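These notes are about the structure you will find just below.
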Amino acid sequence: GWRDLWQDCLALLLMDPSAVRQMIVDNYGGVRVDGTNATIIGNAQGEFIADRNHITRVWMDHAFWPFVTTKFYIDQTGDLEILFEKVPYFKDLQSKRGTDHDTGWDETYGKCQRTEGGVVYFGSVLEHLLLQNLCAFYDVGAHNEMRLHGADWNDALDMAWENGESVAFTCAYAGNMKNIAEYLRKLQEKEMFDRIEVAEEMEILFTGDRELYERPEKKQQLLRQYTEKCAHDISGNTIVIRLDQLSRNLDEKADWMMENIRRREWVKDGENGWFNGYYDDHKRPVERAENSQVRMMLTSQVFAIMSKTAQKDQIESICKSADKYLFDRQAGGYRLNTNFHEEKFDLGRMFGFAYGEKENGAVFSHMAVMFANALYKRGFVKEGHRALDALYRQSVHFETSRIYPGIPEYFNSRGKGMYHYLTGAASWYMLTVITEMFGAKGCAGNLMLEPKLERQQFDLDERAELFFSFAGQSLHLVYENKEHKEYGAYRPGTIRIDGELWDYSGGEKETRSVCIDRERLKQLDFDVTHEILVELV
């Protein structure tokens, strides 16, 4: 499916980014001009079908994932040019973000969006990204959070089509839009481009008006205007927009979403709290702490933290609440939700499962790993490690998990691993260990080293080692912690590449990270493994 396609690319990018570039470009051919997408992969790369069982619907989180993968690709390679590759749009019977049918479409039209002149329309990867995120921004419910539609990441939240809203993924999209704005500024800094060309129908989506943002009915009206314009064909005409204007527009929209969520969606539980992540089909907030009844969902906290919607004090409160209400060592770590004690069929079929099974309160590996990833990103290393460590120990404890080593879709209440093997969770686990725990990550194509290892993770020789690939090289990264320091007290000191002292600029020596130039790595011999030895001081 669509979501798996993009997340599997994350793992492939850790191994061989060059082979993934065309895959990423081709995948954008599954996006519709209304910002939704085909959901099932066809028989060949870049080939898509609308759905599996002739039941077309919209998963509102789908438009979030493509930029996550594309951003990682750019970080690993420095290849900003991928944003300007030209790609067609997917076309089928579904129209207006799943709310209508295009009765003028049939199989003879084909599966690519056409212009009024009858030719296939090609837009840049960046145009596809903008459409996905901007359309989602305006597609809101009564509480001004993004509509849930058929479901979000949790496919079992599928019974709130009319009035359901996903605050969790409103956070996610806000973070996405901030990141897109940042990469538009990088394009300007590199003097590659200072403006882009997009379909003229999109102009209305760039409206910047905080009064409009505050009124959900006005946002819905604007979205209808756009989707009606491109319900069948599009004009084929384009407009030019400056990148500095576009980045400011995205920042403004993202800032508004985050401020709105902080103001309206925080749930208080004594001195602690967490974010409400959903509204049900009766327009009621799903998560709460009242009358001795606690309702908390992990997904809501993950994307609030990862997107930077949650502020530092809020993350501290979320961690305390998650430890109190969601963490279950016997079951493998953080459960997906507390027990709602009802069949809540105004939200989703998940509540028809016994508590502790599948999406209803199991330890769901994918979201548990993303919780760890989000915590590492925000500097909560001890808390992030706890989440990863719990999953690892549960997976390898055969007497309980009853699985071969690996990561299952979920652990049930008895701690048994179910549906082995989940590629999305595996990709995110690898990604988190390599890029966050060991801190070996791309930065505009260069290699950044920012270790976030706890003292207990170093061996008896005070070393922590990682074998990985970057810039086409096979690398053996070794951190030496001879002074037995805990995370937060150390930083990279002396660095040697194959035994040769590498002298990096003095300004970097006072930070917790250091950057190794891509060109320096490319000068090394290929087909051998090179050691990067970092002494932590």
Side-chain angles (χ1 to χ4, degrees), residues 1-2 25-42 44 46-63 66 85-141 146-147 149-150 161-162 196-207 217-241:
W2 181 260
V25 172
D26 289 342
N27 289 349
Y28 278 100
V31 177
R32 298 186 184 91
V33 291
D34 65 3
T36 63
N37 51 266
T39 60
I40 303 298
I41 306 160
E47 179 183 312
F48 299 92
I49 57 177
D51 62 277
R52 182 175 281 115
N53 299 309
H54 302 288
I55 306 171
T56 56
R57 63 173 180 165
V58 172
W59 279 266
M60 62 82 63
D61 69 300
H62 275 188
E85 291 286 345
K86 294 286 189 174
V87 189
Y89 287 89
F90 182 73
K91 178 66 178 174
D92 65 347
L93 183 65
Q94 183 170 301
S95 179
K96 301 179 183 178
R97 296 183 67 79
T99 64
D100 202 355
H101 288 153
D102 176 9
T103 55
W105 180 88
D106 58 28
E107 293 289 343
T108 61
Y109 183 103
K111 292 187 176 179
C112 291
Q113 178 68 53
R114 295 180 180 273
T115 69
E116 292 168 357
V119 299
V120 173
Y121 176 78
F122 287 79
S124 66
V125 164
L126 179 55
E127 182 188 270
H128 284 65
L129 282 168
L130 291 170
L131 267 176
Q132 288 179 300
N133 287 271
L134 287 168
C135 287
F137 174 78
Y138 291 103
D139 194 359
V140 296
M146 293 180 185
R147 290 183 61 206
H149 284 284
W161 174 269
E162 293 296 326
I196 59 167
E197 194 175 23
V198 297
E200 70 172 1
E201 287 85 354
M202 289 177 62
E203 185 171 14
I204 192 173
L205 300 176
F206 302 125
T207 302
E217 71 282 359
K218 290 292 185 182
K219 288 165 77 173
Q220 295 161 0
Q221 182 182 0
L222 186 148
L223 182 64
R224 281 195 298 272
Q225 286 179 256
Y226 170 74
T227 56
E228 284 169 6
K229 283 182 180 180
C230 54
H232 182 57
D233 291 331
I234 61 173
S235 68
N237 300 325
T238 59
I239 58 170
V240 173
I241 182 168

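This is a predicted model, so every value here is computed, not measured.
- With rounding to the nearest 0.5 angstrom, the CD atom of Glu197 is 10.0 Å from the CG atom of Asn237.
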Please test Glu200 against Thr238 for side chain to side chain contact (heavy atoms under 4.5 Å, CB included), starting from the C-alpha separation and ending with a verdict. CA-CA 4 Å; Glu200 70 172 1; Thr238 59; 5.9 Å; no
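- Distance check, rounded to the nearest 0.5 Å: CD of Glu217 to CG of Leu222 gives 12.0 Å.
- Between Glu127 and Ile196 there is no side-chain heavy-atom pair separated by less than 4.5 Å.
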Is there a side chain to side chain contact (heavy atoms under 4.5 Å, CB included) between Asp139 and Met60? Walk through the geometry before answering. CA-CA 9 Å; Asp139 194 359; Met60 62 82 63; over 6 Å; no
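- Between Lys111 and Phe48 there is no side-chain heavy-atom pair separated by less than 4.5 Å.
- Contact check for Tyr109 versus Asp102: no side-chain heavy atoms found under the 4.5 Å cut-off.
- Shown here for Gly35 and Ala63, the closest heavy-atom pair between the two residues is O-CB, 3.9 Å.
- Considering only heavy atoms from C-beta on, Arg57 stays 4.5 Å or farther from Thr39 through its side chain.
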Test side chain to side chain contact (heavy atoms under 4.5 Å, CB included) applied to Leu134 and Phe206, step by step: CA-CA 8 Å; Leu134 287 168; Phe206 302 125; 3.4 Å; yes
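- Taking the six-membered ring where the residue is Trp, His149 and Trp161 present perpendicular rings, their angle passing 60° and hence far from 30°.
- In this structure, Cys112 and Phe122 have side chains that are not in contact, with every pair of non-hydrogen atoms separated by 4.5 Å or more.
- Using modelled atom types, no side-chain atom of Glu116 and backbone atom of Asp233 make a donor-acceptor pair closer than 3.5 Å.
- Val33 is not listed as a side-chain neighbour of Lys91, based on a closest heavy-atom distance of 4.5 Å or more.
- The structure places CG of Asn37 at 11.0 Å from NE2 of His128, a figure rounded to the nearest 0.5 Å.
- Under the 3.5 Å distance criterion, with hydrogens and angles disregarded, no donor-acceptor pair is assigned to the side chains of Gln132 and Tyr28.
- Between the NZ atom of Lys96 and the CZ atom of Arg32 there is a distance of 14.5 Å, given to the nearest 0.5 Å.
- In this view, Glu203 and Ile239 satisfy the side-chain contact (heavy atoms from CB on, under 4.5 Å) rule, not counting sequence neighbours.
- By the side-chain contact (heavy atoms from CB on, under 4.5 Å) test, Cys135 is found to be paired with Arg97, Leu131, Leu205, Leu223, Tyr226, residues two or more places apart in sequence or in another chain being considered.
- For NZ of Lys218, the number of neighbouring non-hydrogen atoms (other residues, nucleotides, ligands) closer than 6.0 Å is 12 at most.
- Side-chain contact check for Tyr138 versus Gln225: every heavy-atom pair is 4.5 Å or farther apart.
- Here the CG-CH2 distance, from Leu93 to Trp105, works out to 6.5 Å after rounding to the nearest 0.5 Å.
- With rounding to the nearest 0.5 Å, the separation of CZ in Arg147 from CD in Gln220 is 7.5 Å.
- At least one side-chain heavy atom of Met202 sits under 4.5 Å from a side-chain heavy atom of Leu130.
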